[in-house]
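Accompanying notes for the structure given below.
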Amino acid sequence: MDSTPPAAERTLSPFAKDLHLGNSLTREKERFEPYNPPYVGMYVCGPTVYSNVHLGNVRTFLTFDVVYRYLLHLGYKVRYVRNITDVGHLTGDTDDGEDKIGKKARLENIEPMEVVQRYTNDFHDVMRVFHILPPSIEPTATGHIVEQISMIQKIMENGYAYEANGSVYFDVRKFAEGHNYGELSGRRIDELQNQTRALDGQDEKRDPLDFALWKKADASHLMHWPSPWSEGFPGWHLECSVMSTKYLGRSFDIHGGGMDLKFPHHECEIAQNMGAHGPEQPVRYWLHGNMLTVNGRKMSKSEGNGFTPEELITGNHKLLEKGYSPMTVRFFMLQGHYAGTLDFSNPALQAAEKGLDRLMSAWGLLDGLAPVAEGEKAPDLSALRARAYAAMNDDFNTPVLIAVLYDAVKVVNSVAAGRMALDADGIEALKALFNEFACDILGLQPENASEAGGSDRTDGLMEVICTLRGEAKANKDWATADLIRDRLAELGVQIKDGKDGTSWTFD
RNA sequence: GGUCUGGUGGCCGAGUGGCUAGGCUCAGCUCUGCAAAAGCUGCUACAGCGGUUCGAAUCCGCUCCAGACCUCCA
């Protein structure tokens, strides 16, 4: 046996071996062991691009953005696949509903692909605004029709699907004879059988639990492709099975998505993969992000209680008392664990806004800290770092990581105020902590970077003003000094008199 | 009805057998011309009842309440 680890494996952080994930499939927290380290395959169900994404959607993509960032930080070579659903997702509660994209196109009298492009663009804009990194591959369902047809054929050859009147359905009953259908969602097939309502237009199916792999298009359908069975279109669940298999293989490491996709979507994905490829589990770790709620209710398009990122930023929505910046929202969401529901409220957002501001201010002070040669006994900064890793390794516990960062904030502020001394190594350790955990992993960045940094002219102007005000203060001309401070405040510039002179910040 | 989650202090939100979560708010103090910032201190927390245990917010049982999924939704 070769005892030398492969070169690639040596790039992994020593902390990588302690990463634990909450696996929805086993309902256990399990140590993360990828199939082929340092390579990691991760698939996340992306949006259906028939309307603007809302904040609840953002939460899920943010969750997996942090997962992606942390895996990269640990040194994994991650192939992150996040699809765009641009066909096959039906409205209504039966398989006879209208295609969402097609419906939108018909209503607006435009091409389906115009709908797709418009909302794909919107989606990408939103992801950028929230500092969510693009995935390695972003495949579309319409770009994989050939592969989908081929997978249906495999499933049929294995006896788990049947054709009826030009459509093809997955035979859940047959599949369940030799497989544990319902393993992921905890459902039992007999109960599902009893609970499923009798719906119209299901006569083609042998069983109400069966789901569509291919649907024959009727005359009103705008999007359709030729297939061995009919001119039609693929079922919604199929695309994810096809694209994950194509880009990540038949068994890959992580599959993510929103909690609301667990059943039936993800359950069907597993069934399709096994139906086509055999009994081994297609996914080792299933991760599910929980819902964003408003007044205790899930934010969703159909409830009408969602708002778009634009409404959020402008504050132009009845649920919003004011506008909130994207970083505030990002920080707010990271203050809760991804697996729990998170309730949106104005007080909570305002708390996050202030908390983030304090965090960012301390971070900004770091560059200006003066090290001492022989620092007093400094707090144990390596302990902070270890706690930060421990938090992330515990199923991406970002709220605990943030608590660690606030401990670092206290150190920074104390040093800046002269109450504590740090040597150069200590300051570097703090910088590394912020750069790696706040910036790289949590994806936090100072907002209005250009403004906060200030242009030379702005800095010059502010220095002139502060010098004049300093003279007024020296003359005990408090009226003038306060006038300057108040007027600047009205313009969104905060003046702070410290021991070593006056500093300013912009709103 | 079934499956699953959860009920933590003024608010948000971690923690899952003994060890400070954290943020925000509020009050007091330090600093300061005042203010802001920062720091320190404080602010009647673990839905209820019973059980296991030397010890339970944390485990078990029951009750109550809320939410999600079971039909499109991240």
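Below, read A as the first sequence line, B as the second, and so on, with proteins coming before strands; counting in each chain starts at 1.
Regarding A/Ile484, its CD1 atom lies at a distance of 19 Å from the P atom of B/C34, rounded to whole Å. Rounded to an integer number of Å, the gap from A/Leu349 CG to B/G13 C1' is 14 Å. In this structure, NZ of A/Lys298 is placed 12 Å from C1' of B/C70, rounded to the nearest angstrom. Going from atom CZ of A/Arg419 over to atom C1' of B/U32 covers 13 Å, rounded to whole Å. Atoms CZ (A/Arg59) and C1' (B/A74) sit 10 Å apart, rounded to a whole Å. Put simply, CZ on A/Phe396 is 16 Å from P on B/A14, counting in whole angstrom units. For the pair A/Ile189 CD1 and B/G2 P, the computed distance is 19 Å after rounding to whole Å. Computed from coordinates, the A/Glu267 CD to B/A68 P distance equals 21 Å when rounded to whole Å.
Taking the C1' atoms as reference points, B/A47 lies 39 Å from B/A38, given to the whole Å. Nucleotides B/A27 and B/A21 have their C1' atoms positioned 23 Å apart, rounded to a whole Å. A gap of 47 Å separates the P atoms of B/C40 and B/U63, to the nearest Å. One P atom belongs to B/G28, the other to B/A35, and the distance between them is 12 Å to the nearest Å. A gap of 10 Å separates the C1' atoms of B/C64 and B/C49, to the nearest Å. Of the C1' atoms belonging to B/G15 and B/C46, the separation is 11 Å, rounded to the nearest Å. Nucleotides B/A14 and B/A45, compared at atom C1', are 13 Å apart to the nearest Å. When the P atom is used for both B/A68 and B/U25, the distance is 31 Å, rounded to whole Å.
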Distances under 3.5 Å only, N/O to N/O: pair up the protein atoms with those of nucleotides 15-19 of chain B.
residue, atom, partner, partner atom, Å
B/G15, OP1, A/Asn397, ND2, 3.1

Please tabulate, one pair per line, each protein N/O and nucleotide N/O from nucleotides 3-6 of chain B that are separated by under 3.5 Å, including the distance.
residue, atom, partner, partner atom, Å
B/U3, O2', A/Ser185, O, 3.2
B/U3, O2', A/Gly186, O, 3.1

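The phosphate of B/A74 (OP1 or OP2) has a side-chain N or O of A/Asn57 nearer than 4.0 angstrom. Proximity of A/Lys476 to the phosphate of B/C34: no side-chain N or O atom is located under 4.0 Å from OP1 or OP2.
Distance from the side chain of A/Pro347 is smallest for B/C11 among the nucleotides B/A36, B/C69, B/C11. Looking at the side chain of A/Met291, the nearest of the listed nucleotides B/C40, B/A74, B/C11 is B/A74. Distance from the side chain of A/Asp482 is smallest to B/C34 among B/C34, B/A38, B/A74. Checking B/G39, B/A74, B/C69 against the side-chain heavy atoms of A/Phe263 singles out B/C69 as nearest. The side chain of A/Leu342 sits closest to B/G13 out of B/G33, B/A74, B/G13. Considering only the side chain of A/Lys496, B/A37 comes nearest among B/C12, B/C40, B/A37.
The nearest pair of heavy atoms linking A/Met299 to A/Val294 is CE-CG2, 3.5 Å.
Residue ring and base: A/Tyr406 does not count as stacked with B/G23 (centre distance below 5.5 Å and interplanar angle below 30° not both satisfied).
The base of B/A35 sits within donor-acceptor range of the side chain of A/Arg485, with an N or O pair under 3.5 Å. One cannot find a donor-acceptor pair under 3.5 Å joining the base of B/G22 and the side-chain atoms of A/Asp407.
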Practice problem: Walk me through it: do A/Thr341 and A/Asn290 pass the test side-chain hydrogen bond (donor to acceptor under 3.5 Å, both in side chains)? | Solution: CA-CA 5 Å; A/Thr341 56; A/Asn290 216 322; 5.4 Å; no

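Here the CG-CZ distance, from A/Asn52 to A/Phe307, works out to 14.0 Å after rounding to the nearest 0.5 Å. Separating the OH atom in A/Tyr338 from the CG atom in A/Leu62 is a distance of 13.0 Å, to the nearest 0.5 Å.
Of the residues listed (A/Tyr389, A/Phe437, A/Tyr70), the one engaging A/Phe15 in a ring-ring contact (aromatic ring centres under 6.0 Å, His included) is A/Tyr389, and it is the only one.
Side-chain contact between A/Ile254 and A/Tyr43 is absent, with no heavy atoms from C-beta onward closer than 4.5 Å. By the 4.5 Å heavy-atom criterion applied to side chains, A/Gln272 and A/Pro282 are not counted as neighbours.
The existence of a salt bridge linking A/Asp18 and A/Arg31 is excluded, since no basic side-chain nitrogen approaches an acidic carboxylate oxygen closer than 4.0 Å. Ion pair A/Asp477/A/Lys473 not flagged as a salt bridge, since none of the NZ, NE, NH1 or NH2 atoms sits closer than 4.0 Å to an Asp/Glu carboxylate oxygen. Ion pairing of A/Asp482 with A/Arg485 is present here, as a side-chain N (NZ or NE/NH1/NH2) and a carboxylate O approach within less than 4.0 Å. A salt bridge links A/Lys322 with A/Glu353: at least one charged nitrogen is closer than 4.0 Å to a carboxylate oxygen.
Each of A/Gly257 and A/Phe332 was assigned the nucleotide of RNA chain B with the nearest heavy atom; the assignment lying further toward the 5' end belongs to A/Phe332. Map A/Ser345 and A/Thr60 each onto its nearest nucleotide of RNA chain B; the residue landing nearer the 5' end is A/Ser345.
The number of heavy atoms from other shown groups lying within 6.0 Å of CZ (A/Arg487) does not exceed 12. Remark: A/Glu310 CD is loosely packed, at most 12 non-hydrogen atoms of other residues, nucleotides or ligands lying under 6.0 Å away.
If you look at A/His237 and A/Phe211, their ring centroids are closer than 6.0 Å. Centroid-to-centroid, the aromatic rings of A/His224 and A/Phe233 stay 6.0 Å apart or farther.
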Quiz item: Using Watson-Crick and G-U wobble pairs with both distances under 3.5 Å, what is the 5'-to-3' dot-bracket string of RNA chain B, with [ ] for crossing pairs and | for pairs outside the strand?
Solution: (((((((..(((.....[...))).(((((.......)))))....(((((..]....))))))))))))....

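Using a 4.0 Å cutoff on non-hydrogen atoms, the parts of residues 351-369 of chain A near RNA chain B are A/Ala351, A/Lys354, A/Gly355, A/Arg358, ordered by number.
Among pairs with a residue in residues 118-134 of chain A, those fulfilling salt bridge (charged side-chain N to carboxylate O under 4.0 Å, His left out) read A/Glu108-A/Arg118, A/Asp125-A/Arg128, at least two apart in sequence or across chains.
Under the rule for a salt bridge (Lys or Arg N to Asp or Glu O under 4.0 Å), A/Asp253 has no partner lying at least two apart in sequence or in another chain.
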